[in-house]
Amino acid sequence: MKILTEKNLKTFLKSAEADYNVRVPINLHDGTRALGKIDEGSLAIAGGVIPQKITNVFFPQMETILTIDSEKVELPKPSVKPLLVIGFTAQDADCLEFIDRFYSEDYRDDIYFNKRDGAVIVCVSGRCGNDGEFLKIAGEKCDLELICDGQNYLLAAYTDAGKALAENADGANADDSVIQQLQKESDSLPADDLELIQAASKLLLEEKVPEEFWATISDRCIACTSCNLVCPTCTCFDIFDRKTDSKVQRWRMWDSCQLDGFMREASGHNPMGKENIRTRRRIHHKLAADVTRWGQLTCMLCGRCDDVCPTGIGIKAVCREMVDKYGSA
Amino acid sequence: MKKVLTTCPYCGTGCMFYLVVDDDGTLVGVEPSNEHVVAKGQLCVKGWNAYHFVNHPDRLTQPMIRRNGKMEPASWDEALNLVVSKFKETQAKHGNDSVAFFSSAKTTNEENYLMMKLARAVFKTNNVDHCARLCHSSTVLGLAATFGSGAMTNSISCMEQADCILVTGSNTTEQHPLIGSRIIENVTNNGAKLIVADNRKIRLARLADIHVRWKNGTDVAFLNGIMNVIISEGLEDKEFIKTRTENYEELKKIIADYPPERAAEICGITPKEIVDVARMFAAADKAMIVYSMGITQHTHGVDNVKSCANLAMLTGNIGLPGTGVNPLRGQNNVQGACDMGALNGVFSGYQKVVDPTTREKFEKAWSVENLPAEPGLTITTAIDAAAEGKLKALYIMGENPMMSDPDQNHVREAMEKLEFIVVQDIFPTPTSEYADVILPAASYAEKNGTFTSTERRVQPVRKAIEPVGQSRTDWEILCDVAQRAGYDGMKYNSASEIMDEVATVTPIYGGVSYERIDQVGLQWPCLDKDHPGTPVLHSGKFARGLGMFSPAAYLPSKELPDEQYPFVLSTGRCYFHFHTGTMTRRSQMLDREERFPYVEISIEDAKELGIYDRAWIYVATRRGEVKVMAHVTDVAKKGVLFMPFHFEEGPANLLTINALDPIAKIPEYKVCAAKIRSAE
Amino acid sequence: MCNSVVPKTNAHECDGKLYLPFQCKIESVQELTRTEKLFRLSRKDGKPFGHKPGQFMQVSITGIGEAPISVSSSPTRGDYLELGVRKAGTLTNAMHELKSGDEIGLRGPFGTFFDTESMKGKDLLLISGGCGLAPMRALIQYVEDCRKDFGNVTILYGAKSPADVLYQSELEQWQNSDKLSCQVTVDTVSSGTCWDSNVGLITKLIPPLDINADKTVAVIVGPPIMYKFVTLELYPKGLSDKDIIVSLERYMKCGVGKCGHCTIDHLYCCTDGPVFTLDQVASLKGAI
Ligand SMILES: Cc1cc2nc3c(=O)[nH]c(=O)nc-3n(C[C@H](O)[C@H](O)[C@H](O)COP(=O)(O)OP(=O)(O)OC[C@H]3O[C@@H](n4cnc5c(N)ncnc54)[C@H](O)[C@@H]3O)c2cc1C
Ligand code: SF4
Ligand code: SF4
Ligand code: FES
């Protein structure tokens, strides 16, 4: 395993641009961390989770699904170069794994896989979280991984695509003991949050959470939709057409189940026409409905909705209240 | 894919975010700024959708001229030459004040400054105003009279520091969502006390310690009642009153007429509610008042504002973090448009036109002579003057009076009487239907400039994409008009040069420059290059020296319900739409949420009248009748209807009354008498 | 003809292009009521639609959008497809402007269908209300064409008023048929309207029926509130949730289990439904 300095890392990423559309965490104008091209801002690999929904590289806020001009219908084409995305945390990689599954099962969503097929996923882990936090090592959930030892990055390659890329990297060989030490640190990270949402999930599946609970949460929800829009496993979208003189484009854009119109039917009938029902859905969907359907929790604890919620009712906060209130019974 | 840091074009909270531009130059998303002091990585639903309307196919992309009654495409040369020649002609025939200019709280500071410069320096009239007239003119005047400065005294961050917050006439979580969320966090995390005085059961009311549902329009009686209790129980801040204020005796005298029993009777509440509010507010170490249009939009709007100021001074809650009188400004740049002097009586920085030395200063700065000395027409009085045939030509930049001004039929009459109307906008509107010339403007995403948020924070607006079609930025259009009118003093290479000029003539913006506001902006007053800006006003000393107690007596609203029109109709906005809907109704997600004009009606009234949720009904007042969908909800109080004004197909302002506050000329949007009947 | 019907797979024929509509020609347009029209469509490429009773199509008009509409005709009637459309908003209004000869886009067929295989040999109780007759008509047509596959067939249909009754001539035909029994009711009749059938809620038609619970399948399609009240009448007849089939409507955007608008707890109405047995959904919050 090679060990890369920041400088070597940058050279390595630059060289990958020959074959890939490379997206890396950078600092935007005011220091906000986001994915961008290497030269669009200073590299910001360290710092933990990227605030925005990281799966937006494959499922962006708004994208065309059809273009129709004078009788000709065009579908979006896969880009010539596949994406190479750096900046997934281990939890993000879990999220991606789930939405890959979601978009491929039953009907395969070609628009998503246009971008996803051939893409290389690079996780970032180790001693480079926000405020010195240790980021869990992702392992084989990704193609390549940058594991920070506090200063430099160990380059772990897991898949063929990852290994091929890693060969081009310039760096000394790392000592096995270093990686073992990091792995040990990773393995000993606390699992409190996981236990918390598992407990919450159990309460929901066993229907131990009374209806009144949801209103106490939804009273605090201002329906900003941020929790949905930053969630890497949120997949819902709306479809609309835009017609200009020369063409019609059909687009899809992120939607949010926290909105009243999300399920309102033409007749006015609305199965989710109340705030408390919508708030329940937000939590229930990830921790109970998806468990029934997919056999897994679909909150991977990436932390984004808790960070973004302006009133402090992200999924972890709600689970904590839920477990505090109904957990011991 | 490019990400450009800019300021939200919707409410006055002033969140900054990144616009996401795809490789074709289309806006395809928004990402919040994590570093911005207000946004903190968050946005409300409007912010998340603020990119959407920009590339909407309805955008105006070509100048148009009315020929033989029909709007036809024209070149910029034709259109602007026509504008200038018509305005000059009109002035030659009917005098300088026969034309008026409506500026816009949606455009940048630079553009507002240029609009008022165009009106004053080039066309020599003070007939320039903008929609602050309709939302916070009573604040500007009321707070100037009491404190000496008509703006929010504190900062948004203060919402998290207060021990007690009195929210009145502000549906904060819907209209200033990220300010509302700070209040919620303060209440749920820190146990701050929350008092909501609002007749609707808004979200904050559900979390409030006390929710008072008084009758619309009885604010003065309510506030006087509170002050009466505070004084009679000796809870006032005697030290503050002694050292920082004047006219206290006068206050005491008038307030004495409002013992809780009497006040409660006027307000339709119990005396206990008034006593409880008074004690809770006075007991807090740091108490703040947050208000918005529920206070200002009355024929006694200025009195309401002054009463809020009185209460704050009485309890010594001014000049410290976590306190203050905090009017929340509705639009992204309504604060800035006022600051820039897009008002009938002041130049930028609230420098009065009646003051000869001020005029002299601007004459020198602009190299002109004879700046007009008398305050001009306001938006509301200009419409009246047009309807009377006294005003002949109107230049409207980014405003939609057909939808936003009271009594639509009256506005229509004015529009029809006007001989020449120029509309400069990004979308066609009901107003542009009356235009003789339409000038396509660039949207906020297509230009550089600044907006000033409700907390007086001057922040950058940045160009993310090229102007669509042939549209041009408002400031370039205005400069072009000035030049064609023969004035050479309005030539700039960039928006930043305009701000540099603003800084030289506007003391409160003296230290503002693009360099300094690159990321988080600056809060005025910012007097010079080294001044750090001012998060909290009036600390240690009021802008006017001593705070002036300005007590008012309760006056009933102009049109109260009666047998024929038994409901009180109040108007305002909903969460998903903004003002006249030109942008939000062209945003997929926002429009989906509220697709139809509606009225909120209480469960009790609906039951009595056999109206069910989402049924179509007619709402009528003495001005007219509109068909809207009934939203049957516990938000509404029995006897009161609430209707948002976003919908062309069900315009609330067809119903509202053109009754004005005598000083601020703000219309009484919050109270008129109405009746309803089923439409099914 | 009965044998020639249904293709094996449930996949929409789109060469993996999920959101690409195929072009259809409108063969005819028939006015059903003031607000409903029946469109008969054929595929421009001449291929069969491959639809089954109970499924739906995503109807697409470029520049306007898409909406889910139930298949209203049975594949046993030939290679055309009929859609009964009520004016409800943007797309359906635009559709009502279309004339025969015009083109329209479709995706689908999507969703589950009435499982006529497992209904074989059973008595059928086909209950529909309002627009619900649109999908039910496809099933009734199928049953008519394969009549010997089923036992007794009873059709119950309820509409708001006589003016809202869909497929009037067919209803008459079914009412006069000796192969099946059919009853129609309306909620209210305004004075001056000629109406010689039942008046009152559809639930009133159920108690008098003679039902053999051991071999009866009930199918319900109608507005949301109907399900609750109709099932309450069916239980006393000895029917249980697994004998009752419902077709649920939800806001749908994609039709292929991706957009998330149509979820009922862990189920997607567009792919797991719209046709469910009641026992699949009865316990799910908000389903019925
Ligand atoms: C499985 C299924 C089968 C259906 N079959 C039929 C049928 O056979 N005949 C028929 O007339 N109608 C049918 N509908 C209803 C029909 O889909 C809606 O009336 C139609 O989507 C309205 O679209 P619009 O563009 O005309 O209205 P819009 O202008 O889009 O909307 C009007 C209202 O409908 C809501 N709405 C928008 N899109 C949908 C949607 N996809 N589903 C539900 N509500 C929506 C909006 O929130 C709005 O309140 C069916 C619906 C479903 C889900
Ligand atoms: S982020 Fe918080 S306030 Fe916003 S919609 Fe989600 S739960 Fe509600
Ligand atoms: S709170 Fe106001 S400024 Fe902030 S995103 Fe929402 S509309 Fe924009
Ligand atoms: S309609 Fe999109 S998931 Fe069902």
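Letters A, B, ... are given to chains in the order of the sequence lines, protein chains preceding strands, and every chain is numbered from 1. For clarity, every value in this text was computed on a predicted model and none was experimentally measured.
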Can you tell which of [options] has the highest number of heavy-atom pairs within less than 4.5 Å of chain A?
| options | result |
| --- | --- |
| B:V4, B:N34, B:T26, B:L5 | B:N34 |
| B:V30, B:V520, B:T173 | B:V30 |
| B:R614, B:R203, B:R206 | B:R203 |

Is it the side chain or the backbone of [X] that comes within 4.5 Å of chain B heavy atoms, both, or neither?
| X | result |
| --- | --- |
| A:E275 | side chain |
| A:R33 | neither |
| A:K53 | neither |
| A:T64 | neither |
| A:I239 | backbone |

### Query
Under a 4.5 Å cut-off applied to non-hydrogen side-chain atoms, are B:M589 and A:L259 in contact?
yes
Any idea which of [options] has the most non-hydrogen atom pairs under 4.5 angstrom with chain B?
| options | result |
| --- | --- |
| A:T225, A:D238, A:V308, A:L28 | A:L28 |
| A:Q258, A:M62, A:R220, A:R242 | A:R242 |
| A:N56, A:D219, A:T244 | A:D219 |
| A:M253, A:E40, A:E63 | A:M253 |

[X] and [Y]: which non-hydrogen atoms are nearest, and at how many Å?
| X | Y | result |
| --- | --- | --- |
| A:P310 | B:L178 | CB-CD2, 3.8 Å |
| A:A223 | B:Y575 | O-OH, 3.0 Å |
| A:I222 | B:I184 | CG2-CD1, 4.0 Å |
| B:R592 | A:S256 | NH2-O, 4.4 Å |
| A:F240 | B:H52 | CZ-NE2, 3.3 Å |
| B:E593 | A:D260 | OE1-N, 3.1 Å |

Could you state the interatomic distance from [atom1] ([X]) to [atom2] ([Y]), rounded to the nearest 0.5 Å?
| X | Y | atom1 | atom2 | result |
| --- | --- | --- | --- | --- |
| B:E31 | A:I50 | CD | CD1 | 9.5 Å |
| A:S226 | B:W48 | OG | CH2 | 5.5 Å |
| A:D241 | B:Q588 | CG | CD | 9.0 Å |
| A:K37 | B:K3 | NZ | NZ | 10.5 Å |
| A:T311 | B:I183 | OG1 | CD1 | 12.5 Å |

Given that the side chain runs from C-beta out, which part of [X] has a heavy atom under 4.5 Å from chain A: side chain, backbone, both or neither?
| X | value |
| --- | --- |
| B:D24 | neither |
| B:N55 | both |
| B:D518 | both |
| B:L27 | backbone |

### Query
Counting heavy atoms not belonging to B:E515, are there more than 12 under 6.0 Å from its CD?
no
### Sole residue of B:M16, B:E35, B:R462 in side-chain contact (heavy atoms from CB on, under 4.5 Å) with A:H29
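Answer after filtering B:M16, B:E35, B:R462: B:R462.
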